[in-house]
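First the proteins, then the strands, lettered A, B, ... as listed; each starts at 1.
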Amino acid sequence: MLAHLPILQVILPLMAAPSCLLIRKSTLVWLFTLAVSFAALVVSVLLLQQVYAVGPIRYQLGGWDAPWGIEYRIDLLNAWVLFIVTALSTVVLTTAHTSIQRELEANRQTVFYTLYLLCFAGLLGIVATGDAFNVFVFLEISSLSTYALIALGKDRRALWAAYQYLIMGTIGATFILIGIGFLYMMTGTLNMADLAGRIPSLSESTTVLAAFAFIFVGICLKLALFPLHLWLPNAYSCAPSIVTAFLAATATKVALYLLLRFTFTVFGVDFSLSHLPLDILLISLGLVGVFAASTVAIYQTNIKRMFAFSSVAQVGYMVVGIGIGTVTALQATLLHLFNHALMKGGLFLALAGLVYQLGGCRIEHFRGLGRSMPWTMAAIVVGGLSLIGMPLTVGFVSKWYLISAAIEQQFWGVAVLVLLGSLLAVAYIWKLVEAAYFQAPADDTRAEAPLGILLPAWLLIAANIYFGIDTRLPVEVTAAASQFLLGDAAQ
Amino acid sequence: MLLTSHYNYWVVIALMMIGLYMVIAQGNLVKKIIGLNIFQTSVFIFYISVGKVDGGHAPILTEGESLYSNPLPHVLILTAIVVGIATTALALALTIRIKRAYGSIEERDIQAAEELQERASSQMYARTPARKEQ
Amino acid sequence: MNESSLLQLALLIPLLALAGIQLTARRENVREAVSLIAASALFFTVTQLYQPMLDGQTIAVHWLDILPGLALAFRVEPLGLMFALVASFLWIITTLYAIGYMRGHGEENQTRFFSLFAVSIGAVMGIAFAENLFTLFVFYEVLTLCTYPLVTHAGTDKARQGGRTYLGILLGTSVGFFLLAIIATWLLAGTLSFQPGGIFAADTSAVLLSVLLVLFVFGVGKAAIMPFHRWLPAAMVAPTPVSALLHAVAVVKAGVFVVLKICLLIFGIDTLQSIPATNWLLYLAGASILLASIIALRQQNLKKRLAYSTVSQLGYITLGALLATSAGMTGSALHIVMHAFGKITLFFCAGAILVAAHKTEVHELRGLGRQMPVTMTAFLVASLCIIGIPPTGGTWSKWYLMLGTFESGQWVLMVLLMISSLLSIAYLLPIPLQAFFGGRQPLETEVGSPTAIREAPLPSVIALTVTAAGCVYLLLYPDVFYRLITAGI
């Protein structure tokens, strides 16, 4: 059993997805999905422990040896991301039952869980696999189910958002496919480790450069790096609240993982950051993204959209870390991967509570929220403080590392700009605080959000504070992971 | 020289550009999907043409043949085609739902309707002014 | 009970107070009693640390490591203890005053008010006893965040605007400059712990150190160095007890205390003297002192005038810290204490005048001395303390500051200090003098008439009398603090 953990991680949700269609009752489907997600979480924890103790795990699918067969390779980086994805998914799912009662019709709910599990399986597959084409397959599995999940939103805008995301996402995925094709053409292999071994000798070839460019652009589109982020605000704001919470916490993280994997493991540090001017490109695009997205966020009236733009900004920070490329910088990126998942997961779940009670998520719905829904608002305030980077929250930890990394490399300008970006976050978070505590509710006071949504939201928010104080787990794992990534990429 | 010996790549590039152009420039949703399909097809052709080995036999084990074309790209492309079909199916389903919801499948009509709706809802909220505390 | 547990207790009492206040929210008298008992307990605990500290004992507490090498740790050192003594003593007094004020003025949300008071004092204790810059920064930010609801207590539009300026400037400076300086110091020096003589290696580049000093001085927005002083007058929308807390007990004192500690224990006197930026910042502080005094002269609103006076006085403290001589720093530390007592009395008086007579502008106070003699006498005494004339303790701090400028040959600054003292006479002294000798209040408010103006509520009057008496007491017995300061510098 233990030997098959890597494939179990993906197979469990993948097999469970169509099984959902056999179960009729909405509550049973929910419990089943929750059980599967929890099982996946257990698997990922076991994998993390194993990798931490023993080192990278390799699993041959069907017994076929790599590089001819498909190989699943779990090292510290994947294990960490797997853990984040499964943990966030489990917490988000605990609220799903309550939240979708008011956001989806009864006959759509089984379909929702099916799609959710497919998306979940797809994301896990992207992270777990060690084969480049397998990445494309799972990428498309997760993307297609994401498009469908977004289209389940109440508003007709959800359909349009899903369509636009479909077009852009497919182009992105196809770019990745082209890149993989180029790589296959030049090296004859699809196995990531094998590619890593063969690419250095080919680093002068324009085909390999083109491959890198295509893969990079494709991933950046999925990552919503400025200026390829246009699909994200609409998709996040129109989707059902639970879908937004899940996507915000996991989808961009997986795309970031892909970027890290291809940049550092497959192509190697020398090729990616020194041979190409990728460091300057990543830092510049990241910083521009931070400022552009944060500024636009300040003027949004739909709060989900505001936090969607905030996510684009946070992705910018993560990318700056990759651009700087040192061990500290990479550690900052990996920490922010975890921290942002906690922050946005908690915030969007709190917003789900808001939507449940008030039916909408505009700034007008926030009036007087401090009185009518004190716990929900408190969760949003704490999440917001974490987003700004106040000490004792998780956001502070990743900011600290990112700025240390910038100063270590004498990039004073970058450090200053990162801090200025945090101040922009103060502006849009404080809009919410002022609306909630300084204005009377627009209509008669409603009750607090239901416990089914409030408790998991607070779990994530409390995790924000807990991991902001007891940082041992994230810091140790990410330190080891970033050392590993930069140390020996190819094995 | 380059034109004739690398004609497969030229075809791929041509189709890719046509497909991308259609996606970006066409306003009709179905035409966008067609463009996307052409774009994806160009990639399929790319993979398959790369797999062809000069003088190679079809990749089926036959007595007396030693040089075979590469079968792996075909496998990959079969997967990709299936993905492409699923994508097209989903996109068409979305288009039907959009037609039902918006009454049109032209991009500018939809965007105009969106703008109208956004303006209406912000006016609706502006009409209920916030009461200041105390 | 050994000293480390005393230190722990000092840090935890405010949190226990918070819990107590929340639990007794419905029963107001019990709730107020909780505040007072907690404040007294805190003061008592802090005083118990005095003698052991002077005897040379190391009293330290380590909570936990947040990041590798960065710990939340606390240690009692002389300047910190001085600040903690002042803050805890004044907490008792301010609570007493606040009880009178809040009830007399009919304020809402009193539980929230007293709870946040407790939290801010807790944050101040954290700042006072912080063993390293990291701990200091954590509690510094906590202080900003927990005083925001106090500043915007009224909940009106004006309060919101004031709150925005307050938060914007304080968070802007702390995140933009202070944090940057802290991380850079961490990377440069390898440690963030406060050490006598500074933590930088002898060969660190003077340019880099200059940049860091500038970042630190501007980064500590609570010290209200121009041009980042605007939050102080903006925060005047707060109820007067909050202004008193802000100006005398917690926020600004924390700011200048941080500046003093950084100058003394992160840079060290020798390093400070050797880097070029110190001079520039000295002139900036001097300019801040002068400009703020001039602006104060032109203010008619009493609280605004007091606010700009604070900006000016904080400049004195920063100046003293940057002079980098032992006299200068002694004067700086002494002034933290003297200004605390003086300013808090002034604000108590301003609040008393507001509650009892409903007056806010300076020109409305002519002849008020007849109806509110205790208040105006206290105002007079406190003004003398701020100006720095006997019979108040402010004499000592001014003396040391002047001595400091003399010792370091800063003649321009010496002249500037003297001009500024004259200006402070001009903007402070006329108020009590006019109140006693400058005319009469409208007849309906005369003593004896039914709509007479009476003295403020008793708790408030007691409070301001105590602090005014403190001003005089400190002239005669500054020893308690003086011994601490000389031990620290």
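- Within the 4.5 angstrom heavy-atom criterion, atoms from both the backbone and the side chain of B/Leu76 approach chain A.
- Note that OH of A/Tyr163 is 8.0 Å distant from CD of B/Glu107, once rounded to the nearest 0.5 Å.
- For the residue pair A/Leu177 and B/Ala80, the shortest heavy atom distance occurs at CD2-CB, 4.1 Å.
- How far CD of A/Gln164 is from NZ of B/Lys32: 8.0 Å, rounded to the nearest 0.5 Å.
- Without hydrogens or angle criteria, A/Tyr147 side chain to B/Thr87 main chain gives no donor-acceptor distance under 3.5 Å.
- Residues A/Arg156 and B/Ala113 share a closest heavy-atom pair of NH2-CB, 3.8 Å.
- The neighbour count for B/Tyr21 OH, taken as heavy atoms of other residues, nucleotides or ligands under 6.0 Å away, does not exceed 12.
- Contacts between A/Leu190 and chain B at a heavy-atom distance below 4.5 Å involve the side chain alone, from C-beta outward.
- Here B/Leu94 contributes atom CG and A/Ile150 contributes atom CD1; the two are 10.0 Å apart, rounded to the nearest 0.5 Å.
- For A/Trp160 against B/Leu29, the heavy-atom pair with the smallest separation is CZ3-CD2, 3.6 Å.
- For chain A, the option among B/Leu72, B/Val82, B/Val23 with the highest count of heavy-atom pairs below 4.5 Å is B/Leu72.
- When heavy atoms are compared at a cutoff of 4.5 Å, A/Phe133 approaches chain B solely by way of its side chain, counted from C-beta outward.
- Here the CG-OG1 distance, from A/Leu159 to B/Thr95, works out to 10.0 Å after rounding to the nearest 0.5 Å.
- No part of B/Ala93 comes within reach of chain A, as not one of its non-hydrogen atoms sits under 4.5 angstrom from that chain.
- Of all heavy-atom pairs spanning A/Leu144 and B/Val83, the tightest one is CD1-O, 4.4 Å.
- Neither the backbone nor the side chain of A/Ile141 comes within contact range of chain B; no heavy atoms are under 4.5 Å apart.
- Residue A/Thr174 is tested with B/Leu20, B/Val43, B/Leu36 for a side chain to side chain contact (heavy atoms under 4.5 Å, CB included); the sole match is B/Val43.
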Walk me through it: do B/Met124 and A/Glu364 pass the test side-chain contact (heavy atoms from CB on, under 4.5 Å)? CA-CA 10 Å; B/Met124 178 184 90; A/Glu364 291 85 8; over 6 Å; no
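- With chain B as the partner, the residue from A/Ile363, A/Asn302, A/Thr301, A/Ile180 showing the most heavy-atom pairs under 4.5 Å is A/Ile180.
- If you measure heavy-atom distances from A/Asp155 to chain B, the contacts under 4.5 Å come from the side chain alone.
- Contacts of A/Phe182 with chain B are made by both backbone and side-chain atoms, with heavy-atom separations under 4.5 Å.
- Between A/Tyr184 and B/Pro73, the shortest heavy-atom distance links the atoms CE2-CG, 3.9 Å.
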